[in-house]
Amino acid sequence: MTRRILRFVRISIISALVLAVTAAIAASLIFYLYPKDSVLSMIKAGAEKALKRQVSIDSLEYSIRGVLLNNVSVYENLPDGKSAELARAEEAVIRFSLLSMLKKDFRIDTVAFKKFRIVWEFTKDGDNNLKRLFNDISQGSDTSSGATKVHVSKLLLYECSFILLNPPQSYKPLEGEYVVDATVNIEESGKLSVTNSRIVLPEKRGELYPEIAINTSGEFNIQGNTKAVNLDIPWTYGFARSRVNLPFQTVNCSIDNLSITKKAVKGHVKGNSSLKGTGKILNVDGWCTVDIPARMIYLSSITGKLADSTARLDSMNISSSTGGGIKKFNASDFSIDLADARSFSNIVPSGLYGRARGNLSYDGKSYSGKIELSGSGYTGNAEIVSDINTVIDINNGIIKKESIPCRIFGNSSTISVATTDSSFTNFYLIIRSDRIEADKIEFSKPGSGRDTSDSDKSSGSPDSRGSRPGQGINIGINIAGKVQVKELVYEDYTFRNIDSDFRASGSTVKIPGLTADIFSGKLYGSGKIDISGNTPYAQIQVRYNNIKVQDIAINNENMKDRFFGFADGTANLNFQVRENMLSTFRGNTTFSITRGKVVNTGVQNGLIIFLAELRYKLKDLEFQKIYGNIDINKNIFTINSFIFNAEDVRLLMNGEVNSELIANNMSIKLEFNNHFIKDIPRPAVTVLGEYLNGNWYTIPFAASGSLTDSKNIKMLKKNQ
């Protein structure tokens, strides 16, 4: 055995020496038969003849690597007579067969380019330099039997650049510089194989590592595998004919069984993608086919995982044509956190939380499936809906589920839901509650929302809902319905038998009609709520009838239980739906009170100081009508007019007062006639004589400070 090994080594050494001597003799013959200057001129002339372009080569060297060309450039002749560099290589190394040259069948083993750079530039009319180059080459090609044939077996690219400039609008997203490293093996049959490859996309969009075989003879096709590293996805949305809003950000994946033809692209993808604005990672494994002529994308056997959400997508058909979108899909099994689902669909509003399990399909016309909701609810700037646990059946786009138990603002309630069409875009809801204690609602302060998308997991509790409390809402569907509440309590006010219609879409909730019982009277209203901001903003118009004034709670002891009567009126109000809502009210109210009575208030006490003789008459005042027109600006009330009107006496007030009954330069006028003071002693009447105007006495007063303190009311001189 040892002898055989030694003999093999000896034969190998001798063979190597023979090959080395042969290579040396061949190299010597090259140097002798083909001087560098002559070869350089031949290559330059041949290249210019073939390309019909100016070619420059700085120098040529012979080496064990072959023929080395330094700083090779090809220039394009522009229509204006100028020239521009079309392609350039820092180094071009050519390895070839001497024997093939003698046979005029020039076989190049390898062409290696280092820092090769080619520019593909388009003009405004759509013409481009490579098209002109290929046209010129094809027109000047020589296929006569005497021509020398050239065959290249391998192409090596090192740090090479492909630059696309000013492409047509439909290819505009591809513009930029691509850096390429690759080994391309070329067969005479027209087949190519690309190995050891790396493509760096423009503007740090990621890298591709294709290992593919390309067939250029017969029907063009590419087969193989590729890998994508840190591939930036949003730039690809520029190919869509209409606006695309998808969450995918950075993709890392491998694609095997890749097949590319003129009609279709197909492959099996396994990888992950980060999602915009969430920090979450989506993992997928499945098949994708792109039908190029039909502009359709077919997904099949897809499994996906996002945090603790999982789904199996058996199939999905997506159209990329104008007005396209999802045409069909079948998700046979999913268990998802609703906060995760919001990353993919604007139908799922911010603030919706909980878990959904089941299956869902879409046949191009309607949806079908079964969805189980657990620990679900919705939070905006407060915990609006919670504790939804139910199963919803969907049959050809029809949903009808009555009296789903839940909690509204923490109060036991029910919701009934139904679709009004089969497209899942129109829903009808009925919300019922026996009692809602509005003053116990815990509102989130603006700006207190936290982005929990990275860490929160759905466990069915509000604390793990993965939402931003107080964030604005944009409803992606149309919702209509009713709200029915038997009793709503807010501070000292109790509204009963509330019945309201509503319509919601986008960032607006419209209330076309509302009725409620309050203070033994009736309230009618309409309005809308803007939910686009952190805090909902409401605008309402109300009409009230037969309101019992003495039922209105007044906390000030000097005013409490001092007003009586029945009020009718209207109000136009704007306010924020949040904690201390009353302090955000702005608007105006106009009212009239019949059978009114004012009993021993601070205002009357202030008048009595100056009109002691009228004490018993002013203490309890009864009026046939009380008219009021008041502007409301948070805690400031501007009294445009407040008229207490009776047959023999009138009281007029205007000015500003706040919610604590602190007046600011308020004007008060007391008017009465002779009949009102008929039983007053004559001397007292004489004192009042200076205020007499016709049959009426008009006495002006001014109030600054608390209206409940008589010392803050001053009697003025006539006409003051």
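Numbers here simply count residues along the sequence, with the first being 1. Side chains are part of it too, since the values below use all heavy atoms of this structure and drop only hydrogens, waters and symmetry mates.
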Flag, side chain of [X] to backbone of [Y], donor-acceptor distance under 3.5 Å:
X: Ser309; Y: Asp337; result: yes
X: Ser368; Y: Asn396; result: yes
X: Asn225; Y: Asn257; result: yes
X: Ser59; Y: Asn70; result: no
X: Ser335; Y: Thr310; result: no

Exercise for review: Evaluate the side chain to side chain contact (heavy atoms under 4.5 Å, CB included) criterion for residues Val93 and Thr110: first the C-alpha distance (whole Å), next the side-chain angles of each, then the deciding distance (0.1 Å), finally the verdict.
Suggested key: CA-CA 8 Å; Val93 178; Thr110 304; over 6 Å; no
Exercise for review: Inspect the contact between Glu91 and Lys115 and indicate whether a charged nitrogen and a carboxylate oxygen are less than 4.0 angstrom apart.
Suggested key: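 Answer for the salt bridge query: no.
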Is there a side-chain contact between [X] and [Y] in this structure, where contact means two heavy atoms from C-beta onward sitting under 4.5 Å apart?
X: Asn230; Y: Asn252; value: yes
X: Ile255; Y: Cys253; value: yes
X: Ile297; Y: Cys288; value: yes
X: Pro210; Y: Arg198; value: no
X: Arg117; Y: Ile163; value: yes
X: Asn166; Y: Glu121; value: yes
X: Phe113; Y: Leu69; value: no
X: Asn317; Y: Ser319; value: no

Let me confirm one number: the [atom1]-[atom2] distance from [X] to [Y], rounded to the nearest 0.5 Å.
X: Gln54; Y: Ser73; atom1: CD; atom2: OG; value: 9.5 Å
X: Tyr298; Y: Met316; atom1: OH; atom2: CE; value: 14.0 Å
X: Leu275; Y: Gln249; atom1: CG; atom2: CD; value: 9.0 Å
X: Ile281; Y: Asn272; atom1: CD1; atom2: CG; value: 5.5 Å
X: Asn221; Y: Lys262; atom1: CG; atom2: NZ; value: 10.5 Å
X: Glu177; Y: Phe162; atom1: CD; atom2: CZ; value: 11.0 Å

[X] atom [atom1]: more than 12 heavy-atom contacts under 6.0 Å:
X: Lys172; atom1: NZ; result: yes
X: Lys305; atom1: NZ; result: yes
X: Trp120; atom1: CH2; result: no

Exercise for review: Test Ile318 against Phe329 for side chain to side chain contact (heavy atoms under 4.5 Å, CB included), laying out the working first.
Suggested key: CA-CA 9 Å; Ile318 306 171; Phe329 75 83; over 6 Å; no
Non-hydrogen atoms of [X] and [Y] that approach each other most closely:
X: Arg53; Y: Val74; answer: CB-CG1, 3.8 Å
X: Lys327; Y: Tyr362; answer: O-CE2, 3.3 Å
X: Arg205; Y: Glu175; answer: NH1-O, 4.1 Å
X: Asp363; Y: Lys328; answer: O-CE, 3.7 Å
X: Ile398; Y: Thr419; answer: CA-OG1, 3.3 Å
X: Leu282; Y: Leu306; answer: N-CD1, 3.8 Å

Review point. Where do Lys114 and Glu159 land on the salt bridge (Lys or Arg N to Asp or Glu O under 4.0 Å) test, with the steps shown first?
Key: CA-CA 6 Å; Lys114 181 180 180 182; Glu159 301 178 48; 5.7 Å; no
Review point. Given Leu201 and Leu231, is the side chain to side chain contact (heavy atoms under 4.5 Å, CB included) satisfied, shown in steps?
Key: CA-CA 9 Å; Leu201 301 182; Leu231 188 64; 3.3 Å; yes
Practice item. Run the numbers on Val72 and Phe116 for side chain to side chain contact (heavy atoms under 4.5 Å, CB included), then give the verdict. Key: CA-CA 9 Å; Val72 180; Phe116 175 74; over 6 Å; no
**Study point:** Identified side-chain hydrogen bond (donor to acceptor under 3.5 Å, both in side chains) counterpart of Asp314 within the set Ser301, Ser300, Ser332
**Key:**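 Running side-chain hydrogen bond (donor to acceptor under 3.5 Å, both in side chains) over Ser301, Ser300, Ser332 with Asp314 returns exactly one hit, Ser332.
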Review point. Which word best sums up how the rings of Tyr367 and Phe424 line up, parallel for under 30°, tilted for 30 to 60°, or perpendicular for over 60°?
Key: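 If you compare the ring of Tyr367 with that of Phe424, the planes turn out parallel.
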Exercise for review: For a side chain to side chain contact (heavy atoms under 4.5 Å, CB included) with Asn196, tell me which candidate from Asp181, Val184, Thr183, Leu157 qualifies.
Suggested key: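 Result for side chain to side chain contact (heavy atoms under 4.5 Å, CB included) with Asn196: Thr183.
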Point to revise | Donor + acceptor pair across side chains of Asp421, Asn426 (<3.5 Å) | key: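 Asp421 vs Asn426: donor-acceptor pair found between side chains.
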